[in-house]
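Every chain is numbered from 1 and lettered A, B, ... according to where its sequence line falls, protein lines coming before strand lines. As the structure is a prediction and not an experimental result, all values here were calculated from the model.
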Number of protein chains: 2
Amino acid sequence: MPRPRAFDEESVLDNAMNIFWSKGFEATSIQDLVDETGLNRASMYASFGDKKALFLRVLDHYSQKISAQRFADLRNIEDGRAAIEKTFRDTAKTGCAEGRHKGCLMVNSGMELAPHDPETAAIAHQAFRRAEDTFAAALKRAIDQGTISKTKNVRALARFLTGSFQGVQLMSRRGADQETLQDYTDTILAALD
Amino acid sequence: MPRPRAFDEESVLDNAMNIFWSKGFEATSIQDLVDETGLNRASMYASFGDKKALFLRVLDHYSQKISAQRFADLRNIEDGRAAIEKTFRDTAKTGCAEGRHKGCLMVNSGMELAPHDPETAAIAHQAFRRAEDTFAAALKRAIDQGTISKTKNVRALARFLTGSFQGVQLMSRRGADQETLQDYTDTILAALD
DNA sequence: CAAACTTTGGAACGAGTGTTCTATAATTCA
DNA sequence: TGAATTATAGAACACTCGTTCCAAAGTTTG
């Protein structure tokens, strides 16, 4: 019965995500979103609610589409140590390859909003809690496989890797050069020995 | 001849710094600054120029007053390894002690503005380049003193420590609990072995 | 075809933004 | 004391912000 939508929700979220990712929440205006998504203001408010609600949708979209991909290898590669190494190497490579240095939306948003916005804080907290668990699982595999010493504290190491992952994303957003990022990740991975 | 200023420039910068530190550049309004510094709008513009100029002054102020203090031990403690350890332990302790989790203004600002503001990007870049050199100097001392293996790559390790330092600041701004921060820093320091 | 219903385009809103202006107050030097 | 000079207070500015409203357009079902 109703008039059908003229836009694809997924691609609108993609576009909105890229703006928030690049500029951050506060610096992104509704006008920016209208311009970049091609979507009309009224349609935006009708479909997604206000700016904050759209942002939370985008955060979820990012989590499912980008983060999931970033951690796919970490989950799927059977060799635990190789999984961790590939995750960091790929992250570092991507980080200094992209022309616009954007880092990771989840890290960026946590930094920008967490201290004053409990909702975003909770989402970011949960996301990295999950990352920590994923690292822990890979570490356990590696220990079972004998590529990491069983004397290591898995939880502490997982926290270290999670923090370091965010550190790499941070450095790449700040525009770190390839050499620095390489040294950084090499030393992170050497900490597994 | 002129009417003397009714405010102390240093304490105005202190107050302005705390707002920017807590809320970030974009989310801080001129009204916030006026309210918190007690300084009149006109006086603010006359003395510091526009918002961006004030922010750059604040960044410099932070660098001299806060950063310098944070890295004082790293420079001054003769025992290189102890200097590094104390720097990280103190940073982690401060990071989860403060009621309001603010992190490090230089890290925050680099994250928020670097991709779109060359000025801030350059200031942050220089600041952490200096930090890297300070870590490198401490590492060299430690190697000379025999507390760190001379087979280590000093530059790579310095870059790792600089990235990790920012990672700790990031985590503490995101509200990481003490246990996580502790595990994180312990593992960072263990990488020196 | 016509009724029902939703999206669309674009104007409009009030509030808040960063910034500037003007008049007044305060101090010092002649 | 009076002229010169600067800071202060607060109104005012133009603009952008996020948000809402309304009429017109479009599609589907009866």
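- For B:Ser47, the side-chain contact (heavy atoms from CB on, under 4.5 Å) partners at least two apart in sequence or on another chain are B:Arg5, B:Phe7.
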Heavy atoms under 4.0 Å is the rule here; annotate nucleotides 17-22 of chain D 5' to 3' with B where the base is hit, S where only the sugar-phosphate is, and - elsewhere. SSBBB-

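- The bend of the helix from C:dC1-D:dG30 to C:dA30-D:dT1, defined by the angle between the axes of its first five and last five pairs, stands at 0° to the nearest 10°.
- Distance CZ (B:Phe48) to P (D:dT8): 10 Å, rounded to an integer number of Å.
- With sequence neighbours excluded, the residues that form a side-chain contact (heavy atoms from CB on, under 4.5 Å) with B:Glu36 are B:Ile19.
- Residue pairs meeting the side chain to side chain donor-acceptor pair (under 3.5 Å) criterion with at least one member in residues 137-147 of chain B: none, sequence neighbours excluded.
- Side-chain N/O atoms of A:Ser43 include none lying less than 4.0 angstrom from OP1 or OP2 on C:dT7.
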Going by atom type alone, with no hydrogens or angles, which donor-acceptor pairs under 3.5 Å involve a side-chain atom of residues 102-113 of chain B and a protein atom two or more places apart or on another chain?
unit_1: B:Lys102; atom_1: NZ; unit_2: B:Asn18; atom_2: OD1; d: 3.3
unit_1: B:Asn108; atom_1: ND2; unit_2: B:Lys102; atom_2: O; d: 2.8
unit_1: B:Asn108; atom_1: ND2; unit_2: B:Cys104; atom_2: O; d: 3.4
unit_1: B:Ser109; atom_1: OG; unit_2: B:Leu105; atom_2: O; d: 2.7
unit_1: B:Glu112; atom_1: OE1; unit_2: B:Phe25; atom_2: N; d: 3.0
unit_1: B:Glu112; atom_1: OE2; unit_2: B:Glu26; atom_2: N; d: 3.0

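- For the side chain to side chain donor-acceptor pair (under 3.5 Å) test, residues two or more places apart in sequence or in another chain that qualify with A:Gln31 are A:Asp35, A:Arg41.
- A salt bridge does not link B:Lys51 to B:Asp32: none of the charged side-chain nitrogens sits closer than 4.0 Å to a carboxylate oxygen.
- The pair A:Arg89-A:Asp73 does not meet the salt-bridge criterion, since no charged nitrogen lies less than 4.0 angstrom from a carboxylate oxygen.
- Applying the side-chain contact (heavy atoms from CB on, under 4.5 Å) rule to A:Asp8 yields the partners A:Glu10, A:Ser11; only residues at least two apart in sequence or on another chain are considered.
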Table please: side-chain donor-acceptor pairs of residues 159-166 of chain A below 3.5 Å, with sequence neighbours left out.
unit_1: A:Arg159; atom_1: NE; unit_2: A:Glu132; atom_2: OE2; d: 3.3
unit_1: A:Arg159; atom_1: NH1; unit_2: B:Asp183; atom_2: OD2; d: 2.7
unit_1: A:Thr162; atom_1: OG1; unit_2: A:Ala158; atom_2: O; d: 2.7
unit_1: A:Ser164; atom_1: OG; unit_2: A:Phe160; atom_2: O; d: 2.8
unit_1: A:Gln166; atom_1: OE1; unit_2: B:Arg174; atom_2: NH1; d: 2.3
unit_1: A:Gln166; atom_1: NE2; unit_2: A:Thr162; atom_2: O; d: 3.3

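- For B:Asp8 and D:dA7, the CG to C1' distance is 15 Å, given to the nearest whole Å.
- Within residues 115-124 of chain B, no residue has any heavy atom under 4.0 Å from DNA chain D.
- The nearest whole Å value for the distance from the CE atom in B:Met44 to the P atom in C:dC21 is 16 Å.
- With sequence neighbours excluded, the residues satisfying side-chain contact (heavy atoms from CB on, under 4.5 Å) with B:Ile143 are B:Ile148, B:Lys150, B:Val154.
- With sequence neighbours excluded, the residues that form a ring pair (Phe, Tyr, Trp, His ring centres under 6.0 Å) with B:Tyr62 are B:Trp21.
- Atom CG of B:Leu33 and atom P of C:dG16 are 17 Å apart (whole Å).
- In this structure, A:Lys23 atom NZ and D:dT16 atom C1' are separated by 13 Å, rounded to whole Å.
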